[in-house]
Amino acid sequence: MNNVLTEAKNLLTHNLRTSGIYIAFVAIIVLFTVLTNGTLLSPENVTNIVLQNAHILIMALGMILVIVGGHIDLSVGSVLAFASAVSAVLVIRMGLPWWVGVIAAIITGIVVGVWQGFWVAFVGIPAFIVTLAGMLLFRGLTWLVLDNVSLSPFPHAYREVASGFVDPVFGEIVVGQGEGLKSVAQTVDVFTLLIGVFAVTGVIVSAWRSRRTRLGYNQPVESMTLFILKIVSVSVVLLAFAWALAYNRGFPLVLIIVAVLILVYQVVTNRTVFGRHVYSVGGNLSAARLSGVNVKSVNFWIFVNMGMLTGIAAAVFSSRSNGAQPGMGNMFELDVIAACFIGGASTMGGVGRVGGALVGGLVMAVMTNGMQLMGVPQSAQQIIKGLVLLLAVAFDIYNKRRAGATR
């Protein structure tokens, strides 16, 4: 047992940037669960956290590539508002089918990405300046497109994108009858539970294959005891999450979108040439050029990708909001950028992972939700978020100095 504890301590110490965010995430969940008397982890609230923050997680997948590539994007909130406005005009004002609005939002995001990618990659203007200009430009276009008025409501089918749930295709299990004369039987969705089991199976298979591959190349791995403890911990969390969703309303449709995008970007960042080029450009620009990497092309597609994901997030958020307003998306860039830095991305580029960005996004989501449940004023929430972002960057700088001192 002592050997396992020692190994776990060494693992956490040597991978402080990666492991620190997971420890902080667990600590924040425990803290707000206690402060809200368990409401934070109630099935209904867990579902609400997913629905309310799906657009942030989607944009974080794009922002992590932007930051890893050595850039920043300050315009995502305004671009989301602009894409939502285009969708609302087409669907609500012009009466076109709901799916036209979804496609239009995505195309709008792609066009914006092409615009900003051109100035960054081919003209050579720093991304900070380009996206700062974009923040103003696309906010103004939002007001122009909406004619300074809000548009609502969207058709029911459009609202289902962010608020709908998968039908109980495999039926439901009755787990309780409730209390009182007018009690309603409590049911659990079987499909959602099966998705949870499938996710756990995927984690186990992936971890086992990774371990076996590392052993095949004579690379160091954790002991079997610690390996099993990690797998069990992750499996318990996934199954508890699936149970909470199943116990409430079932599997949210928007979670399918998020899950598919997570899988795609895990592959893109870890197993594609483009992903390796992004890390090389952000990590060492001169070396990337000497290695034959087309830096201009990589930078261009980074912003096209960011625009596409912002368009998807716009469709999700406008669906959730059931309309479009001139001021929507304000300060979303804070949450998205903070998610990446809290999740371990480096301010200097070249460092960052999809998983870390997602956990960082969930940290922001849990903090916001917990403070709302406690009735914390909006002003105090912004102060706390700002301090958390500052501490995350300070932690990154500490890690760099610590790594340099041990060399």
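- Between the Thr131 side chain and the Leu74 main chain, a donor and an acceptor come within less than 3.5 Å of each other.
- No more than 12 heavy atoms of other residues, nucleotides or ligands lie within 6.0 Å of CZ in Phe198, so this atom counts as exposed by the packing criterion.
- A heavy-atom distance below 4.5 Å is not found between the side chains of Val111 and Trp115.
- Side-chain N or O atoms of Ser87 include one that pairs as donor or acceptor with a backbone N or O of Gly101 at under 3.5 Å.
- Side-chain contact annotation: Tyr279 with Asn284, donor-acceptor N/O pair under 3.5 Å absent.
- Between Phe274 and Ile302, some side-chain heavy-atom pair lies under the 4.5 Å cut-off.
- No side-chain donor-acceptor contact under 3.5 Å links Thr39 and Asn37.
- None of Val120, Asn294, Asn305, Val114 except one satisfies the side-chain contact (heavy atoms from CB on, under 4.5 Å) rule with Phe300; the exception is Val114.
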Could you check Phe118 against Phe303 for ring pair (Phe, Tyr, Trp, His ring centres under 6.0 Å), going step by step and ending with a plain yes or no?
-> CA-CA 9 Å; Phe118 167 77; Phe303 282 92; over 10 Å; no

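- For Phe251 and Phe165, the ring centers sit 6.0 Å or farther from each other.
- Put simply, the side chain of Gln325 never gets that close to the backbone of Val149: no donor and acceptor are under 3.5 Å apart.
- In plain terms, the two heavy atoms of Ala338 and Leu389 that are nearest each other are CA-CD1, 3.7 Å.
- Between Gln52 and Arg320, some side-chain heavy-atom pair lies under the 4.5 Å cut-off.
- Proximity of a side-chain donor or acceptor of Thr36 to a complementary backbone N or O of Leu40 within less than 3.5 Å is detected.
- Closest approach of Pro168 and Glu172 over heavy atoms only: CB-CG, 3.9 Å.
- Leu151 CG to Ser318 OG: the interatomic distance, rounded to the nearest 0.5 Å, is 11.0 Å.
- Judged by distance alone, the side chains of Asn48 and Asn369 never bring a donor and an acceptor atom under 3.5 Å apart.
- Counting only distance, with no hydrogens or angles, the side chain of Ser210 and the backbone of Ser206 share no donor-acceptor pair below 3.5 Å.
- Residues Thr192 and Tyr247 have side chains that never bring a donor and an acceptor to within less than 3.5 angstrom of each other.
- Side-chain contact between Arg139 and Phe82 is absent, with no heavy atoms from C-beta onward closer than 4.5 Å.
- With a 4.5 Å cut-off on side-chain heavy atoms, Glu160 and His156 count as touching.
- Residues Asn270 and Gln266 have side chains that bring a donor and an acceptor to within less than 3.5 angstrom of each other.
- The residue from Pro153, Ser163, Pro155 that alone fulfils the side-chain contact (heavy atoms from CB on, under 4.5 Å) condition with Asn322 is Pro153.
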Test side-chain contact (heavy atoms from CB on, under 4.5 Å) on Val351 and Val68 and set out the steps.
-> CA-CA 6 Å; Val351 176; Val68 166; over 6 Å; no

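- Note that Arg211 lies in the cation-pi zone of Phe227, set by a 6.0 Å cut-off to the ring centre and a 45° limit from the axis.
- Put simply, CG on Leu362 and CG on Asn53 are 8.0 Å apart, with the number rounded to the nearest 0.5 Å.
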Worked verdict on Val200 versus Val234 for side-chain contact (heavy atoms from CB on, under 4.5 Å) = CA-CA 8 Å; Val200 168; Val234 174; over 6 Å; no

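- Distance alone, capped at 3.5 Å, is enough to place a donor-acceptor pair between the Arg214 side chain and the Pro220 backbone.
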Yes or no on side-chain contact (heavy atoms from CB on, under 4.5 Å) for Ile342 and Val388, after CA distance, side-chain angles and deciding distance?
-> CA-CA 8 Å; Ile342 291 172; Val388 168; 3.5 Å; yes

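- For the atom pair CE of Met306 and CG of Leu65, the computed distance is 9.0 Å after rounding to the nearest 0.5 Å.
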May I have the step-by-step check of salt bridge (Lys or Arg N to Asp or Glu O under 4.0 Å) for Asp335 and Lys385, ending in yes or no?
-> CA-CA 8 Å; Asp335 289 333; Lys385 286 181 181 180; 3.6 Å; yes

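- How far OG1 of Thr272 is from OH of Tyr265: 10.5 Å, rounded to the nearest 0.5 Å.
- Between atom CZ of residue Arg159 and atom OG of residue Ser321 there is a gap of 12.5 Å, rounded to the nearest 0.5 Å.
- What you find for Trp143 and Pro326 is that their closest heavy atoms are CD1-CB, 3.0 Å.
- Using a 4.5 Å heavy-atom cutoff, the side chains of Phe341 and Ser346 are not in contact.
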Evaluate the side-chain contact (heavy atoms from CB on, under 4.5 Å) criterion for residues Asn299 and Val281: first the C-alpha distance (whole Å), next the side-chain angles of each, then the deciding distance (0.1 Å), finally the verdict.
-> CA-CA 9 Å; Asn299 286 333; Val281 169; 4.0 Å; yes

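- Taking both residues in full, the closest heavy atoms of Ala315 and Val102 are given as CB-CG1, 4.2 Å, listed atom of the first, atom of the second, then distance.
- Listed here is the closest heavy atom pair of Ile67 and Cys340: CD1-CB, 3.5 Å.
- Within the 4.5 Å cutoff, side-chain heavy atoms of Val86 are placed close to those of Leu90.
- Distance CD1/Ile49 to CD/Glu44: 11.5 Å, rounded to 0.5 Å.
- Between the side chain of Ser319 and the backbone N or O of Tyr158, at least one donor-acceptor pair lies under 3.5 Å.
- Here the side chain of Thr47 pairs a donor or acceptor atom with the backbone of Pro43 at under 3.5 angstrom.
- Using a 4.5 Å cut-off on side-chain heavy atoms (C-beta onward), Asp73 and Met59 make no contact.
- In this structure, His55 and Phe332 have tilted ring planes: the angle between them lies in the 30° to 60° band.
- When all heavy atoms of Glu333 and Ser78 are compared, the closest pair comes out as OE1-N, 4.5 Å.
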